[in-house]
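Since the structure comes first, as structure tokens, the remarks are kept for the end.
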Number of protein chains: 2
Amino acid sequence: MAGRAAEPEVIWARPERTGRGPRPAYTRADIAAAAVRIADAEGLDAVSMRRVAAELGCGTMSLYNYVPRKEDLYELMVDAAGGEHELWEPGGDWRADMLRVAHQSRALMHRHPWLPRLMSPVYGFSPNALRYLEHCLACLDPLPAPYGTKLELIAMLNGIVTTYVTNELATAERTRSLPWSQEQENAMRIAYLGGRIATGEYPRMAAAFAQDAGPIDLEAVFERALGRMLDGFEPRR
Amino acid sequence: MAGRAAEPEVIWARPERTGRGPRPAYTRADIAAAAVRIADAEGLDAVSMRRVAAELGCGTMSLYNYVPRKEDLYELMVDAAGGEHELWEPGGDWRADMLRVAHQSRALMHRHPWLPRLMSPVYGFSPNALRYLEHCLACLDPLPAPYGTKLELIAMLNGIVTTYVTNELATAERTRSLPWSQEQENAMRIAYLGGRIATGEYPRMAAAFAQDAGPIDLEAVFERALGRMLDGFEPRR
DNA sequence: TGACTACTACGTACGCTGTACTTAGTGAGG
DNA sequence: CCTCACTAAGTACAGCGTACGTAGTAGTCA
């Protein structure tokens, strides 16, 4: 994290092929597809340079001819997933179009649960990220606002989608991976929280848990969050 | 990530001391402080079990008596940082109080840049997380809304703070770690983006970059995002 | 009091990681 | 044809999380 100095270039700036020497055995798309296949099937932690090389059928170190650092492999993966975004002709209702964008991003992240973890550097300017950004701007054409505001809207939307899907995935993961049932998990959680609450130090949390104990509809929560966020950009305020 | 079955308990459920056998040489606070010290000084990647044990002055495997998994060490760190939150008596203006909460969280994350990366499991119910949550609810007492809505507000606020600070930190890291100056970095970025834009595939991005080329005030962006989000919870809508 | 036993402490070892470095082979440009 | 940038791959190293086994310690109970 600290002492890297040699090659700070972003991978999209270097050409995939220079024309000299033997032609490469694999394309970036091949490599990204292999990594995505592994991550989808076995989780992001299973994506190692050795494992991807094995999946491709080449030596481990050969991979470094295509991908100078592992971080760049991640960038390839994010770009490949971004390529699955379906881009349509905007219909003139920016709110509806942005909601559709958000739901599609959410579906994409549920299909590739490793995606949110790799999205922290927000803007990598990969080819598909540029296409996505341009499409969002096209959806926002009907909104009377400067481009700066539109970019802020897009950033905020992406942030909310990432945040909420991360939460959804963590919840699902907990539910699935534990050897107990969902009820046992909830019972244990309530027992622990109940013990803390019983101290009387947290009267409002006690009231909150007494008020609604039913299971929460995460999709509805997501929908409400989106709506509230988009409200903040309505021009007639 | 898949096959863990033995000890799924959360660390806060197990008592720090049972009373039997020799008394432990360190407290959880000691361990958390050591890990935080390392993370602050050398980055999160420098926090390894060996390194923390060395910082404490004990053998590597002794640490596992206190912290069953490394993930639990992370929980200790997040809780320790959360303890730095200053909790005040709410003043009756929930909007002002929540803004203050957000700015304090932001400052906390800037002081401990590793914090956002460890916050993905959103709610760990650590002692200080409970105190923080209760305090937020107290700030929201004047807001006429059910507790479910208030919890959604708090979650959304935390998500936005984390998202934006992550972005700020990534930007700062790029600026600092590269061997070139900020201008060179910008020039290179603009050269690359300019090349992509020159293809004519991204007319709106071209317009956006033509419209405002000045440096962006990240704090102002953060402030606007917060304001828009809180607008969505105003009762008089 | 002594025996028991839960607990702390910690060294060794295993399988895994990213990747620096080295060597050999290939094929297009001058 | 020669040259040299490029691909391919093997070896090696430092570091990681942690399973396992052993030795010592101190509260608890007969």
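By convention in this document, chain letters (A, B, ...) are assigned in the order of the sequence lines, proteins followed by strands, and residues within each chain are numbered from 1.
Contacts of B:Glu16 classified as side-chain hydrogen bond (donor to acceptor under 3.5 Å, both in side chains), with partners at least two apart in sequence or in another chain: none. In this structure B:Lys150 satisfies the side-chain hydrogen bond (donor to acceptor under 3.5 Å, both in side chains) test with no other residue, sequence neighbours excluded. Residues that satisfy the side-chain hydrogen bond (donor to acceptor under 3.5 Å, both in side chains) test with B:His112, not counting sequence neighbours, are B:Asp40, B:Glu84. Under the salt bridge (Lys or Arg N to Asp or Glu O under 4.0 Å) criterion, A:Asp79 pairs with no residue at all, not counting sequence neighbours. Residues forming a side-chain contact (heavy atoms from CB on, under 4.5 Å) with A:Ser105 (at least two apart in sequence, or on another chain): A:His85, A:Val101, A:Tyr132, A:Val161. For B:Arg204, the salt bridge (Lys or Arg N to Asp or Glu O under 4.0 Å) criterion is met by A:Glu134, A:Asp141, not counting sequence neighbours. Applying the side-chain hydrogen bond (donor to acceptor under 3.5 Å, both in side chains) test to A:Glu152 and every residue at least two apart in sequence or in another chain returns B:Arg224, B:Arg228.
Residue pairs meeting the ring pair (Phe, Tyr, Trp, His ring centres under 6.0 Å) criterion with at least one member in residues 38-81 of chain A: none, sequence neighbours excluded. The salt bridge (Lys or Arg N to Asp or Glu O under 4.0 Å) contacts involving residues 154-168 of chain A comprise A:Arg106-A:Glu168, where partners must be two or more places apart or lie in separate chains.
Using a 4.0 Å cut-off between charged side-chain N and carboxylate O, A:Asp72 and A:Arg28 make no salt bridge.
Taking atom CG on B:Leu56 and atom C1' on C:dA9, their separation rounds to 13 Å, with Å as the unit. Rounded to an integer number of Å, the gap from CG of B:Leu44 to C1' of D:dC16 is 14 Å. Protein atom CG of A:Leu63 is 15 Å distant from nucleotide atom C1' of D:dG10, rounded to whole Å. In this structure, A:Glu16 places its CD atom 14 Å from C1' of D:dT7, rounding to the nearest Å. What separates OH of A:Tyr66 from C1' of D:dT7 is a distance of 7 Å, to the nearest Å. Computed from coordinates, the B:Tyr26 OH to C:dA9 P distance equals 7 Å when rounded to whole Å.
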**Request:** Summarise protein proximity over nucleotides 22-30 of chain C in one line of letters, 5' to 3': B for base, S for sugar-phosphate only, - for none, counting protein heavy atoms closer than 4.0 Å.
**Result:** ----BSB--
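B:Thr163 and A:Thr163 share a donor-acceptor pair across their side chains, judged by distance under 3.5 Å alone.
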Kindly give the atom pairs (protein nitrogen or oxygen, nucleotide nitrogen or oxygen) under 3.5 Å for nucleotides 16-18 of chain C.
| unit_1 | atom_1 | unit_2 | atom_2 | d |
| --- | --- | --- | --- | --- |
| C:dT17 | OP1 | A:Ser48 | OG | 3.0 |
| C:dG18 | OP1 | A:Lys70 | NZ | 2.6 |
| C:dG18 | OP2 | A:Met49 | N | 3.1 |
| C:dG18 | N7 | A:Arg50 | NH2 | 2.6 |
| C:dG18 | O6 | A:Arg50 | NH2 | 2.7 |

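Of the candidates C:dA20, C:dC10, D:dA8, C:dA20 carries the atom nearest the A:Met61 side chain, counting heavy atoms from C-beta on.
Residue B:Ala25 is classed as a sugar-phosphate contact, given heavy-atom separations below 4.0 Å to backbone atoms only.
For the helix from C:dT1-D:dA30 to C:dA28-D:dT3, the rotation axes defined at the first and last 5 base pairs enclose an angle of 10°, given to the nearest 10°.
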